[in-house]
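Structure first, commentary second.
Note that these values count all heavy atoms, side chains included, but never hydrogens, waters or copies made by symmetry. Remember, predicted model here, so these are calculated numbers, not experimental data. All chains are named by letter (A, B, ...) in the order of the sequence lines, taking the proteins before the strands, and each is independently numbered beginning at 1.
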Amino acid sequence: MKYDFKQIEGKWQKKWEESGIFKAQDFIKKPKFYGLVEFPYPSGAGMHVGHIKAYSSIEVLARKRRMEGYNVLFPIGYDSFGLPAENYAVKTGRHPADITRDNIKHFSEQLRAVGFSFDWSREFATSTPEYYKWTQWIFLKLFEKGYVFRNKALVNYCPHCKVVLSNEDSQGGKCDICHSDVIQLPKDVWYLRITDYSDKLLEGLDMVDYPENVKQQQINWIGKSTGAFVDFTITGTGETLEVYTTRCDTLYGVTFMVMAPEHPLIDKYKDQIKNFDGVEAYRKECAKKTEFERTQLVKEKTGLRLDGLTAVNPVSGKEIPIYIADYVMMGYGTGAIMAVPAHDQRDYDFAKEFGADIIPVIKGGNIDEEAYTGDGEMINSDFLNGLTNKKDSIARMLEYLEEKGIGRAGVQYKMKDWAFNRQRYWGEPIPLIHCPNCGIVPVPYEELPLELPPVDNFVPGEDGMSPLAKIDSFVNCTCPKCGGAAKRETDTMPQWAGSSWYFLRFCDPHNDKEFADMEKLNYWMPVDWYNGGMEHVTRHMIYSRFWHRFLYDNGLVNTPEPYAKRTYQGLILGPDGDKMSKTKGNVVDPTDIVNEYGADTLRLYVLFMGDYTAATPWSENAVKGCRRFLHRFASLTDIMDAKAQDEKIERAVHKTIKKVTEDIEAMKFNTAIAAMMSLINEISDAGTISRSQLSAFIRILTPFCPHICEEMWAQIGEEGMVSTAPWPEYDEAKTVDNTVEIVVQINGKVRGKMMISVTEDKEKIIADAKQVERIPELLEGKQIMKEIYVPGKLVNLVVR
RNA sequence: GCAGUCGUGGCGGAAUUGGCAUACGCGCUAGACUAAGGAUCUAGUCCGGGAUAACUGGGUGCGGGUUCAAGUCCCGCCGACUGCACCA
C-alpha cells in the first residue's frame, strides 16, 4: 500500500465521528475504564506539542482498553476561565467570552486533526453558565458547611495584573501570570479552609496509585510536623507568648525569643515597648520587601530587640530578651519562636548578629563555628542530662511540660488555607451577598447560576477591585434573607475552581438538575488513570482532591479519592535543548507537523522520543525516522502472502504482541514502538508475512497510529474498523524460543557461543560448553573451580 | 538547606530477579536508484591494537567494596535536574 496520510487521515476521522464508536455508554455491563487527561486552557496560541504528548498516553490506553472490551470514558473539555483571555480583552476590547469561543474552536479542530479518540459528545467549557452554575453550587455547599471564611490578611498582590494571588500562584515572589514582583498588601479575602483536610489529604495517599515522587511532593506540600506548643510568660504582664517547636527538649538552651514583626502582642504592649518607633520603622521596611527578597536574603539576619519587654524561660526561670525579626513568619506556627542558637543555624546567625547568649544543650559539633544540629548527649538540661536519644528526651520534656501545664503536644502544617478569590472579571462570580443587616448571605441555590454581567471595560479597578465592582446593576441587590438593600460580592473565583471537579461533570456533562447524577458517578468514578504535568501535582491535584473529599464526606460522591492512578509526562524541550518559549523562538507547532508528516507520525514520535516521564528535546530528524517506519509498515500489504508460514516471524509477532501489551501498561511507549520497529526489520529480512500476522501487527499499532491502521485493515480485507477490533492475544509458548544462543564464559569473559535447546538439562549444556570451539585449548592446564549455568543466558567456567 | 530523581556512544535513549552493555531511532560513512536528492532502499558504525578478517585489550560521572559475574547491589565523592524552602 502506498502511504498517503493526507488522503487517509481526514477520511477516518470523519468515519469515527459519524459512527460514534468513541462515545462512552452509561451503565452498560462491560467493565469500565475512565481515562483522563488535564483539559487544556484554550490559549490564543493554540496547541503545543506538549499537549499532544500529554494526551497521547491516555489515548493509547483508551484505544487499547476499547479493543480489550472495556466501556471507555475518555473525555475532553476546556478550562476556559483565566487571565490571558481577560488580558487580551483589555488590550483589544473584545469580550473574553468571544475570544474564548474562538480559541476553543481552534483547539478542537487541532485536537480532531490528531485523531484523538475523545468522546466529543461530553465536551464542555468551564466558563459557560451551564457549568459554572455547579461550580458555584459546590462553593455554596462549602460555605454552608463552614469551609468558607473571610479574613483580613497580608496577601500576595501583583501590581501589574492587579490581582491578589494565592501562595501557589506567587512562588518565588513572582506572579505566575506576568512574572513581575509580588508585593504584600493587607486585604479582606475569601479563604477555603483546606487546612481542615490536611490529615485526610495525607491519609488518602495510601489509597491511590501515584508515583512515589508525586506522593512525596504532596506530602511535602502539606508539610505535617509534630512537635509541641510551649507557653512563655512575658515578664510583669501575666501574658503568655506561645511558641511551636519540634525540639522541646532543647528548652534549656533557649536564650531569647523572636516574634514575627506582625505579631499582635506587639501592639497590645506597645506602651511598654520603649522603642516602638523603631518597631514601626522595621515593620515598614519588612512590608516593602517582597517575599522574593525575604527568601533571597537568607544570610543576613535583620531584627530589633523589644526594649522593655522580656520573657521567662519556663524551665530554667531565666529572664530572656524578645526580638522581632522577619525570619519568623506570622503564617507558620504561632508567629513566635523560642530561639536555641546552639542548635539551630538561623537562631545561631541571629545570636551572633545581635550578641545573644549561646548555651549548648546537646554535646557535639563546634559551637564556636556553627550551630550543632546533630544528635548527642543532653547537657546543661537538668533532668534531661545524660539522655542520648532524641526521642526519649523529647518525650521526657513533653511529659514535664504537660504536668506543669505549660506545654502540650501539637501538630503543624505548612499548607495554608486557600485564598479563594480574584479581583478580575473572567471567572466564576462568587455567589455571596454583603447585607448590612444580616452579614454575609449566600445566593439561594435556586438563583444559580449567578451569571457574569455584560461589561465593556475589562480594566480592573484601582486598589485591586474587580471590574464587576463598577457595574451597579450587578452590585446592588436585595438581601435574600431580610429583603433589604445589599451588595453582591464582586470578586470572582480563582483559576483553579473550575478544574477542581470537572472530572465529575464528564460523567454526566449535560445534567441541569444536579452537578452529576449519582448513579452515573457510581458507575464511572473513580478516574482509573489520570495523566498530566508535574506542575499540577501540588496545586490542581491537592485542590481537586480536597473538593472531592469534601463532597464525599457530605454524601455527594461515592469514593473518597477521585484519581485511582496518576502518571505524568516529561516536558518536550526545543530542538536546542531549552524549554520551548516564544521569546526563544524554539516552539514547535503540532499543526505544522500534522500538515507535513501526518498525525500518525506525530503521535508515534511524541511517544517514541524517549522515556515518557523525562524531558526530551525535539528532533525533526527523529520525526522523519518515525515517518520512515510508517512507510515501511504500509508496504507490508505488498509482501503479504496468505500462505506464508515463517516460523521465525510467527514467534516474532507473538513476542511483539506480548511486549507491546505489557509496555503500554507500564507507560514504556518508547520500547513498545522499538519492538514494532524491530519486527518490521525482521519481516523485511524474511520478505514475507501472513495475513493473520499482519492483522495482529496492525491491531497492536492501532492505538499509536490509528489512521494508517484503519486503512490497512480495510486493504487486507478485514471486517469493520480496526478501532473496534479485538486486541490480539499472544500464545505464551510462541513468545519463547526453543533453541537459543548462549555464551560460554571463562572467568566472566565471553570466549564462545553455542546454540542450545532450552529443555536440555544443565549437566549436558555445561559438558557441551566445554567442547565449544577454542574452549578446550583455553581450559588446558587450568583447574575448573566452579561451573555456573544461567538458564537460557550463559555458562561461566571459573578456572585457576 | 530539605525532599525526590538521575549521570550509559556524536545525539535521543535500551538493558526482568545482578548474567553477551549500547536494543530501537537519529546522525555519520559507503553504495544502489535518480536529471537531481533534503525522497526511498541496502550495508557499516562504542573506543583502541590487529591488514579489511580471525582474534584481542579497554569501556556505563569519579574512587573503593561485595560477587564466578556489577550500568544494576553497598560505602564515599563529583555533577545535573525537579519540587519545597529563614516551616521553628
Taking the same atom, C1', in A14(B) and in C24(B), what whole-Å distance lies between them?
7 Å
With a distance cut-off below 6.0 Å to the six-membered ring centre and an angular limit of 45° from the axis, does K624(A) pair with Y597(A) as a cation-pi contact?
no
With the side chain of Q216(A) defined as its heavy atoms from C-beta on, choose the nearest nucleotide among A15(B), G4(B), C24(B).
G4(B)
From the list G19(B), C24(B), A88(B), which nucleotide is the closest neighbour of the side chain of Y332(A)?
A88(B)
Aromatic F350(A) / basic K301(A) pairing, under 6.0 angstrom, 45° off normal:
no
Atom NZ of K301(A) and atom C1' of G1(B): how far apart are they, to the nearest Å?
11 Å
What is the ring orientation for Y3(A) with H631(A), classed by angle as parallel under 30°, tilted 30 to 60°, or perpendicular over 60°?
perpendicular
Would you measure the distance from the C1' atom in G7(B) across to the matching atom in G59(B) and give it in whole Å?
16 Å
Would you measure the distance from the C1' atom in G50(B) across to the matching atom in A54(B) and give it in whole Å?
10 Å
Expressed as a whole number of Å, how far does the C1' atom of U8(B) sit from that of G61(B)?
10 Å
Base, sugar-phosphate, or nothing for K749(A), non-hydrogen atoms under 4.0 angstrom?
sugar-phosphate
If I take atom NE2 in residue H343(A) and atom C1' in nucleotide C86(B), what distance separates them, rounded to the nearest angstrom?
19 Å
Under 4.0 angstrom, heavy atoms only, what part of the nucleic acid is K668(A) near: base, sugar-phosphate, or nothing?
sugar-phosphate
Selected nucleotide, minimal atom distance to K416(A) side chain, candidates C20(B), U40(B), C87(B):
C87(B)
Tell me what K414(A) touches on the nucleic acid: a base, only sugar-phosphate, or nothing, going by heavy atoms under 4.0 Å.
base
In whole Å, what separates the P atom of U5(B) from that of G58(B)?
34 Å
Rounded to whole Å, the CG-P distance (D611(A) to U8(B)) equals 13 Å
The single option from T245(A), D249(A), T250(A) that satisfies side-chain hydrogen bond (donor to acceptor under 3.5 Å, both in side chains) with R247(A) is D249(A)
Where the side chain of N220(A) is defined as all heavy atoms beyond and including C-beta, which of G12(B), C68(B), G83(B) is the nearest nucleotide?
G83(B)
Any N670(A) side-chain N or O less than 4.0 Å from OP1/OP2 of A14(B)
yes
Would you call R566(A)-E38(A) a salt bridge at under 4.0 Å N-O?
yes
F629(A) and F608(A): aromatic ring centres closer than 6.0 Å?
no
Write down the distance separating the C1' atoms in U72(B) and U34(B), rounded off to the nearest Å.
50 Å
Looking only at the aromatic ring of each residue, does the gap between the centers of F633(A) and F697(A) stay below 6.0 angstrom?
yes
T616(A) vs G13(B): side-chain N/O to OP1/OP2 distance below 4.0 Å:
yes
Nearest-Å distance once atom P is located in both G31(B) and A69(B):
47 Å
Could a donor-acceptor pair under 3.5 angstrom be found where the side chain of K793(A) meets the base of C20(B)?
no
Nearest to the side chain of N213(A), which nucleotide is it out of C20(B), A3(B), G4(B)?
G4(B)
If pairs are Watson-Crick or G-U with both distances under 3.5 Å, what is the dot-bracket string of RNA chain B, marking crossing pairs with [ ] and pairs to another strand with |?
(((((((..(((......[....)))((((((.......))))))((((.....))))..(((((..]....))))))))))))....
Determine the contact category for A675(A): base if any of its heavy atoms lies under 4.0 Å from a base atom, sugar-phosphate if only primed atoms, P, OP1 or OP2 are that close, otherwise nothing.
nothing
Using only heavy-atom distances, determine whether the side chains of Y612(A) and T567(A) contain a donor-acceptor pair under 3.5 Å.
no
Any base atoms under 4.0 Å from Q745(A), or only sugar-phosphate, or nothing? Heavy atoms, all strands.
base
Considering every strand and a 4.0 Å limit on heavy-atom distances, what is the contact class for K624(A): base, sugar-phosphate, or nothing?
nothing
Phosphate OP1/OP2 of A88(B) contacted by Y244(A) side-chain N/O (<4.0 Å)
no
Checking understanding here: a glycosidic angle within 90° of 0 is syn, the rest anti, so what is G9(B)?
syn
Between R247(A) and C87(B), is there a contact of a side-chain N or O with OP1 or OP2 at under 4.0 Å?
no
Taking the side chain of A674(A) as heavy atoms from C-beta outward, which of C68(B), A23(B), C86(B) is closest to it?
A23(B)
Return yes if the base of C68(B) and the side-chain atoms of N796(A) contain a donor-acceptor N/O pair under 3.5 Å, otherwise no.
yes
In whole Å, measure the gap between the C1' atoms of C74(B) and U66(B) for me.
7 Å
Under 4.0 Å between any heavy atoms, over every strand shown, what does N681(A) touch: base, sugar-phosphate, or nothing? Just pick one.
sugar-phosphate
Scan R800(A) against the nucleic acid and name what it touches under 4.0 Å (heavy atoms): base, sugar-phosphate only, or nothing.
nothing
Under 4.0 Å between a side-chain N or O of R628(A) and OP1 or OP2 of C26(B)?
yes
Taking the side chain as every heavy atom from C-beta outward, state whether Q745(A) and V750(A) have any atom pair closer than 4.5 Å.
yes
Reckon G223(A) touches a base, only the sugar-phosphate, or nothing at all at heavy-atom distances under 4.0 Å?
nothing
Measuring from the side chain of S678(A) (C-beta onward, heavy atoms only), which nucleotide among A15(B), A88(B), C24(B) has the closest atom?
C24(B)
Output the single nucleotide from C55(B), C20(B), G25(B) whose closest atom is nearest the side chain of V750(A).
C20(B)
Just to be sure I understand the rule, does D344(A) reach a base, reach only the sugar-phosphate, or reach nothing, if contact means heavy atoms closer than 4.0 Å?
nothing
What is the distance from CD1 of I683(A) to P of C24(B), rounded to the nearest Å?
15 Å
Decide yes or no for L701(A) and L630(A): does some side-chain heavy atom of the first lie under 4.5 Å from some side-chain heavy atom of the second?
yes
